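Here's the structure, in structure tokens; my notes come after.
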Amino acid sequence: MKTPQTIVLKLAVSSADSGAACDLLAAASGLSKTQIKDAMNKGAVRLHSGKRQKLLRRARYTPHPGEQLELHYDPAILALPPLPVRCIADERRYSVWEKPVGMLSQGSLWGDHCALTRIAEKHFQPPREVFLVHRLDREATGLMLLAHDKRAAAALSQLFQRNAVHKAYRARVRGRPEPAQGIIDFPLEGKTARSEYRLLDYAADSDSAALEVIISTGRKHQIRRHLEMIGHPVLGDPLYGQGNKTKEGLQLAAVELAFENPFGAGRKAYRLDQLNAD
């Protein structure tokens with residue numbers, strides 16, 4: 001059987017169309033109903049209704065005239081198995097996870113079955129809603145919070161927006177930074193960005209150093225860009241730096257999150273002791 005190619009399909013439903021979403025997409029795309037059902041289950045189909053859109057997983061859903069079905073089909077992506085992931089704390093209204101290298105925080109148009117948010121949805125029994133509170137680069141590993149109701153998501157998101165979350169990372173970089181401890185205070189995206197680093201160890205044989213990095217802001221690729229700016233890019237970074245490419249992948253891990261608990265008294269702190277970036 002010939003493997004189907006990548007397909008992007010936007011199907012506007014008219015009054016002349018009748019049948020379930022699975023049937024309509026199969027007829028329009030040339031894919032089998034089994035392939036369409038698999039794509040729907042893995043988050044590659046969206047339903048547009050007016051200004052609203054949502055993932056459509058129900059194969060038997062009958063769309064109404066004026067709605068639009070959107071399919072992004074890539075057999076290679078849909079065939080990917082989810083990476084193993086660990087829930088390290090279940091706090092009921094939110095949970096804490098150790099995201100592995102290579103895992104997306106949330107899905108894309110091409111699917112979500114390998115994304116942390118979807119894996120977390122399927123992890124709990126009975127199932128819970130999952131809301132993304134913050135992101136971690138796909139290439140990085142480490143701690144992430146996921147909320148399980150809208151109010152919890154708003155409260156936790158506000159902590160991140162106010163820079164009220166202590167965020168510590170471990171990175172292995174090219175070379176040995178001098179001084180051994182410092183602050184990188186350089187705007188990114190036209191906004192304030194501040195990173196503090198501290199030398200933990202230096203390996204002369206590989207000319208690489210392990211750093212603890214604490215950030216008080218959360219700009220895109222902040223640590224990676226800041227360390228490149230001072231001439232010590234993160235090892236394995238595919239985007240930033242020269243002479244730092246390795247086969248081991250990005251040597252950056254989010255190792256600690258701490259904040260005042262918005263759902264009760266006391267401070268919550270989570271830390272990874274076994275670090276992939278060491």
Side-chain angles (χ1 to χ4, degrees), residues 80-89 96-105 114 116 134-145 160 163 165-189 192-259 268-278:
L80 291 173
L83 295 171
V85 62
R86 182 166 68 108
C87 179
I88 67 170
V96 187
W97 297 76
E98 181 181 3
K99 187 191 83 66
V101 171
M103 177 176 283
L104 289 170
S105 299
C114 291
L116 178 60
H134 65 118
R135 289 175 173 80
L136 197 59
D137 296 345
R138 178 176 185 170
E139 300 90 351
T141 184
L143 296 174
M144 282 193 62
L145 300 182
F160 280 93
N163 298 321
V165 178
H166 171 79
K167 295 170 283 186
Y169 296 75
R170 186 70 62 90
R172 183 161 288 280
V173 302
R174 189 194 68 194
R176 178 172 184 160
E178 295 290 349
Q181 187 168 344
I183 296 174
I184 308 168
D185 197 345
F186 192 90
L188 298 172
E189 306 161 22
T192 300
R194 180 185 173 94
S195 305
E196 299 181 45
Y197 72 86
R198 177 172 65 92
L199 179 67
L200 298 176
D201 68 60
Y202 174 69
D205 57 342
S206 61
D207 188 28
S208 66
L211 307 179
E212 180 183 64
V213 184
I214 296 174
I215 61 175
S216 54
T217 52
R219 311 305 174 205
K220 184 177 182 180
H221 298 168
Q222 177 176 321
I223 293 174
R224 298 161 65 180
R225 293 164 73 181
H226 270 175
L227 291 176
E228 182 201 23
M229 287 177 183
I230 65 170
H232 299 284
V234 179
L235 292 183
D237 195 326
L239 296 179
Y240 305 102
Q242 295 181 348
N244 60 320
K245 304 303 184 283
T246 68
K247 295 181 180 180
E248 289 74 22
L250 183 70
Q251 300 295 288
L252 178 65
V255 297
E256 186 174 5
L257 292 171
F259 51 88
K268 304 295 289 187
Y270 308 93
R271 183 171 180 86
L272 291 181
D273 295 321
Q274 300 300 321
L275 308 175
N276 294 330
D278 274 351

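Because the structure is predicted, anything quoted here is derived from the model rather than measured. All values below come from the heavy atoms of this structure, side chains included, with hydrogens, waters and symmetry mates left out. Numbering of residues begins at 1 and proceeds along the displayed sequence.
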Smallest separation among heavy atoms of [X] and [Y], with atom names:
X	Y	value
I183	Y197	N-CE2, 4.4 Å
A140	L250	N-CD2, 3.9 Å
A209	L199	CB-CD1, 3.6 Å
A254	L136	CB-CD1, 4.0 Å
D207	R176	OD1-N, 4.3 Å
V101	L83	O-CD1, 3.4 Å

Donor-acceptor pair, [X] side chain versus [Y] backbone, under 3.5 Å?
X	Y	result
E196	I214	no
R225	K220	yes
T217	R194	yes
K99	R138	yes
H134	L145	yes
Q251	G249	yes

[X] [atom1] to [Y] [atom2] distance, which is reported to the nearest 0.5 Å:
X	Y	atom1	atom2	value
L104	L116	CG	CG	10.0 Å
Y169	L252	OH	CG	7.5 Å
T246	N244	OG1	CG	8.0 Å
T141	L272	OG1	CG	7.5 Å
Q181	L200	CD	CG	10.0 Å

TODO: Mind running side-chain contact (heavy atoms from CB on, under 4.5 Å) on R198 and L211 for me, showing each step along the way?
DONE: CA-CA 5 Å; R198 177 172 65 92; L211 307 179; over 6 Å; no
Task: Check: V96 and L143 side chains under 4.5 Å, non-hydrogen atoms - done: yes
- [ ] Write out all pairs satisfying ring-ring contact (aromatic ring centres under 6.0 Å, His included) with one or both partners inside residues 206-244, taking only residues at least two apart or from two chains.
- [x] H221-Y240
Open item on the list: Enumerate the ring-ring contact (aromatic ring centres under 6.0 Å, His included) contacts for residues 201-220, please, sequence neighbours excluded, ordered by first and then second residue.
Closed with: none
Task: Residues forming a side-chain contact (heavy atoms from CB on, under 4.5 Å) with P238, sequence neighbours excluded - done: E139, R224
- [ ] Run the numbers on V213 and I184 for side-chain contact (heavy atoms from CB on, under 4.5 Å), then give the verdict.
- [x] CA-CA 10 Å; V213 184; I184 308 168; over 6 Å; no
Task: Within 6.0 angstrom of F186 CZ, more than 12 heavy atoms from elsewhere - done: no
- [ ] Apply the test side-chain hydrogen bond (donor to acceptor under 3.5 Å, both in side chains) to residues R172 and S208: give CA-CA distance (whole Å), side-chain angles for both, the deciding distance (0.1 Å), then the verdict.
- [x] CA-CA 7 Å; R172 183 161 288 280; S208 66; 3.1 Å; yes
